[in-house]
Every structure is written in C-alpha cells, then in structure tokens.
Amino acid sequence: QVQLQKSGPGLVKPSQTLSLTCTVSGGSITTNYYYWSWIRQPPGKGLEWMGAIAYSGSTYYRPSLKSRTSISRDTSKNQFTLQLSSVTPEDTAVYYCARAPEKSCTVVAGATRGCEYDYWGQGTQVTVSS
C-alpha cells in the first residue's frame with residue numbers, strides 16, 4: 001500500500017513552500033520498475049499529474065509546474081517528497097501520491113504520460129490562504 005504523510009501544515013500561506021512526504025509500505029521505492037508520482041485535485045476540478053520519481057531516481061515534472069516543483073526521495077526511509085514553492089491559492093487541492101508500473105508509462109519531453117496507477121495514497125488536503 002501507499003501511505004501519504006504530511007510533513008508540513010495543511011494551511012500554507014501564499015509564497016511559501018508546500019512540502020508533503022509519502023511513505024511506501026510493502027515494497028521498496030528502488031525496486032524495478034515503478035514510478036512514484038504526485039497527483040493533485042483542486043476543488044471542483046479533475047486530477048492533475050504533477051510529477052514523479054522513478055526507481056532509478058530519475059525525476060519527471062509537469063511542464064507548467066516544473067519551475068516550482070521538486071521531487072526527491074530518501075531510500076533509507078522508503079519515502080519520497082514533494083516540494084512546491086511559491087504557492088498561491090490556485091495550489092489549494094487534495095494531494096495524492098501514487099504508484100505506476102513503468103511499462104504503463106511513456107516518457108515524453110521529461111514528463112510521463114499514460115500511466116496506470118495501481119496504488120494510491122489516501123490523499124491530504126492542503127489549503128493555501130493568508
């Protein structure tokens with residue numbers, strides 16, 4: 001299973017950095033061949049893929065968010081972390097971590113496409129407000 005753990009407050013002020021950590025149970029994040037992804041859903045909107053880190057450590061980002069997004073991992077703790085800087089109220093969303101087999105994904109221009117996620121974290125609400 002995939003479990004999402006929030007490393008910072010659920011309420012973040014504009015211009016600050018959002019930080020979330022996902023702890024993976026039942027398998028190593030370095031095990032071939034999986035991508036570990038961050039996905040969010042703003043209120044009233046659809047799911048939006050943000051980025052991922054592969055078993056190899058390679059990272060992939062949504063082009064529109066790349067400049068503000070950093071995904072890293074701590075293999076000793078079997079977890080990966082999302083950092084989203086310079087947040088605005090538009091970043092208010094439920095944030096999910098999820099796993100996708102590499103074979104279900106296509107890498108195009110530094111981003112993954114067409115992934116089929118087989119495990120999801122429960123999600124956590126993050127609100128950006130002053």
Side-chain angles (χ1 to χ4, degrees):
Q1 75 275 23
V2 179
Q3 183 173 355
L4 181 67
Q5 297 179 333
K6 185 172 65 178
S7 60
L11 180 63
V12 183
K13 293 183 177 181
S15 82
Q16 293 185 335
T17 297
L18 178 157
S19 182
L20 295 171
T21 296
C22 185
T23 299
V24 177
S25 300
S28 172
I29 60 174
T30 64
T31 297
N32 299 346
Y33 298 93
Y34 294 101
Y35 293 158
W36 305 92
S37 307
W38 289 99
I39 302 160
R40 68 180 182 181
Q41 185 171 34
K45 299 181 180 179
L47 296 170
E48 179 184 58
W49 177 82
M50 302 181 69
I53 187 164
Y55 57 94
S56 63
S58 297
T59 52
Y60 309 91
Y61 299 103
R62 186 180 188 88
S64 62
L65 297 175
K66 185 176 182 178
S67 65
R68 299 194 293 129
T69 307
S70 178
I71 298 174
S72 59
R73 67 181 183 177
D74 185 335
T75 57
S76 67
K77 298 180 180 179
N78 210 39
Q79 61 188 30
F80 60 105
T81 297
L82 169 72
Q83 291 187 303
L84 182 66
S85 65
S86 302
V87 298
T88 73
E90 296 297 317
D91 294 311
T92 295
V94 176
Y95 286 75
Y96 300 92
C97 55
R99 187 184 82 166
E102 183 182 45
K103 64 182 181 181
S104 76
C105 303
T106 300
V107 178
V108 179
T112 60
R113 296 183 178 181
C115 297
E116 298 177 353
Y117 302 99
D118 55 2
Y119 289 98
W120 292 75
Q122 74 274 23
T124 185
Q125 172 71 43
V126 178
T127 300
V128 179
S129 176
S130 61

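Only a predicted model underlies this, so the values are computations on that prediction, with no experimental measurement involved.
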J.: T59: what forms a side chain to side chain contact (heavy atoms under 4.5 Å, CB included) with it, not counting sequence neighbours?
T.: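 Scan of T59 (side chain to side chain contact (heavy atoms under 4.5 Å, CB included), adjacent residues dropped) gives I53, Y61.
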
J.: Apply salt bridge (charged side-chain N to carboxylate O under 4.0 Å, His left out) to R62 and list each qualifying residue two or more places apart in sequence or on a separate chain.
T.: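 R62: salt bridge (charged side-chain N to carboxylate O under 4.0 Å, His left out) contacts with E48.
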
J.: List the residues meeting side chain to side chain donor-acceptor pair (under 3.5 Å) with N78, not counting sequence neighbours, and say none if there are none.
T.: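 In terms of side chain to side chain donor-acceptor pair (under 3.5 Å), with neighbours along the sequence ignored, N78 is linked to no residue.
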
J.: Name all residues meeting the salt bridge (charged side-chain N to carboxylate O under 4.0 Å, His left out) criterion together with D74; count only those two or more places apart in sequence or in a different chain, and write none if there are none.
T.: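 None.
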
J.: Is it possible for you to check whether R99 lies under 6.0 Å from the centre of the six-membered ring of Y34, through NZ or CZ, and within 45° of that ring's axis?
T.: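 That pair qualifies as a cation-pi contact.
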
J.: Got a donor-acceptor contact below 3.5 angstrom from the T69 side chain to the L65 backbone?
T.: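 Flag set: sc T69 to bb L65 pair under 3.5 Å.
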
J.: For S104, which residues count as a side chain to side chain contact (heavy atoms under 4.5 Å, CB included) partner, sequence neighbours excluded?
T.: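 With sequence neighbours excluded, S104 shows a side chain to side chain contact (heavy atoms under 4.5 Å, CB included) to A100, P101, C115, E116, given in chain and number order.
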
J.: Could you check whether any side-chain N or O of W38 sits under 3.5 Å from a backbone N or O of A52, counting only pairs where one atom can act as donor and the other as acceptor?
T.: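 Between the backbone of A52 and the side chain of W38 there is no qualifying donor-acceptor contact (under 3.5 Å).
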
J.: Could you go through Y95 and M50, starting from their C-alpha distance and side-chain angles, then the distance that decides it, and tell me whether this counts as side chain to side chain contact (heavy atoms under 4.5 Å, CB included)?
T.: CA-CA 10 Å; Y95 286 75; M50 302 181 69; 3.5 Å; yes

J.: Scan for salt bridge (Lys or Arg N to Asp or Glu O under 4.0 Å) pairs involving residues 75-85, sequence neighbours excluded, and state none if there are none.
T.: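 Checked against salt bridge (Lys or Arg N to Asp or Glu O under 4.0 Å) - neighbours excluded - no pair reaches residues 75-85.
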
J.: Just say parallel, tilted or perpendicular for the rings of Y96 and W120, cut-offs at 30° and 60°.
T.: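 Aromatic pair Y96/W120 classed perpendicular.
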
J.: List the steps and the verdict of side chain to side chain contact (heavy atoms under 4.5 Å, CB included) for C22 and W36.
T.: CA-CA 9 Å; C22 185; W36 305 92; over 6 Å; no

J.: Can you list everything that forms a side chain to side chain donor-acceptor pair (under 3.5 Å) with T127? Sequence neighbours excluded, please.
T.: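 Scan of T127 (side chain to side chain donor-acceptor pair (under 3.5 Å), adjacent residues dropped) gives Q125.
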
J.: Quick one: do Y117 and I39 satisfy side chain to side chain contact (heavy atoms under 4.5 Å, CB included)? Show the steps, please.
T.: CA-CA 11 Å; Y117 302 99; I39 302 160; 3.7 Å; yes

J.: Side chains of residues 86-94: which donor-acceptor pairs under 3.5 Å do they make with residues two or more places apart or in other chains?
T.:
from: T88; atom 1: OG1; to: E90; atom 2: N; distance (Å): 3.2
from: D91; atom 1: OD1; to: R40; atom 2: NH1; distance (Å): 2.8
from: D91; atom 1: OD1; to: R68; atom 2: NH2; distance (Å): 3.0
from: D91; atom 1: OD2; to: R68; atom 2: NH1; distance (Å): 3.0
from: D91; atom 1: OD2; to: T88; atom 2: N; distance (Å): 2.9
from: T92; atom 1: OG1; to: P89; atom 2: O; distance (Å): 3.1
from: T92; atom 1: OG1; to: V128; atom 2: N; distance (Å): 2.9

J.: Which residues pass the side chain to side chain contact (heavy atoms under 4.5 Å, CB included) test with Y33, sequence neighbours left out?
T.: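 With sequence neighbours excluded, Y33 shows a side chain to side chain contact (heavy atoms under 4.5 Å, CB included) to Y55, E102, given in chain and number order.
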
J.: Residues two or more places apart in sequence or in another chain: which of them pass ring pair (Phe, Tyr, Trp, His ring centres under 6.0 Å) with Y60?
T.: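 Ring pair (Phe, Tyr, Trp, His ring centres under 6.0 Å) check on Y60 returns Y35.
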
J.: Looking at side-chain heavy atoms only, is the closest gap between T81 and L20 below 4.5 Å?
T.: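 A side-chain contact under 4.5 Å is absent here.
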
J.: I'd like to check the side chain to side chain contact (heavy atoms under 4.5 Å, CB included) partners of T17; sequence neighbours left out, ordered by chain and number.
T.: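 Counting only residues at least two positions away or on another chain, T17 forms a side chain to side chain contact (heavy atoms under 4.5 Å, CB included) with Q83, S85.
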
J.: Scan for disulfide (SG to SG under 2.5 Å) pairs involving residues 34-79, sequence neighbours excluded, and state none if there are none.
T.: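 Every pair satisfying disulfide (SG to SG under 2.5 Å) with a residue in residues 34-79: there are none.
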
J.: From L82 CG over to L84 CG, what is the distance, rounded to the nearest 0.5 angstrom?
T.: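 Those atoms lie 6.0 Å apart.
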
J.: With heavy-atom distances below 4.5 Å as the criterion, would you say the side chains of T30 and R73 are in contact?
T.: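 With C-beta onward as the side chain, the pair touches.
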
J.: State, yes or no, whether a side-chain contact exists between C97 and F80 at a heavy-atom distance under 4.5 Å.
T.: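 SC-SC contact between C97 and F80 confirmed.
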
J.: Looking only at non-hydrogen atoms, find the nearest pair between Q79 and T21 and report the distance.
T.: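 In terms of heavy atoms, the two residues are closest at CD-CG2, 3.6 Å.
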
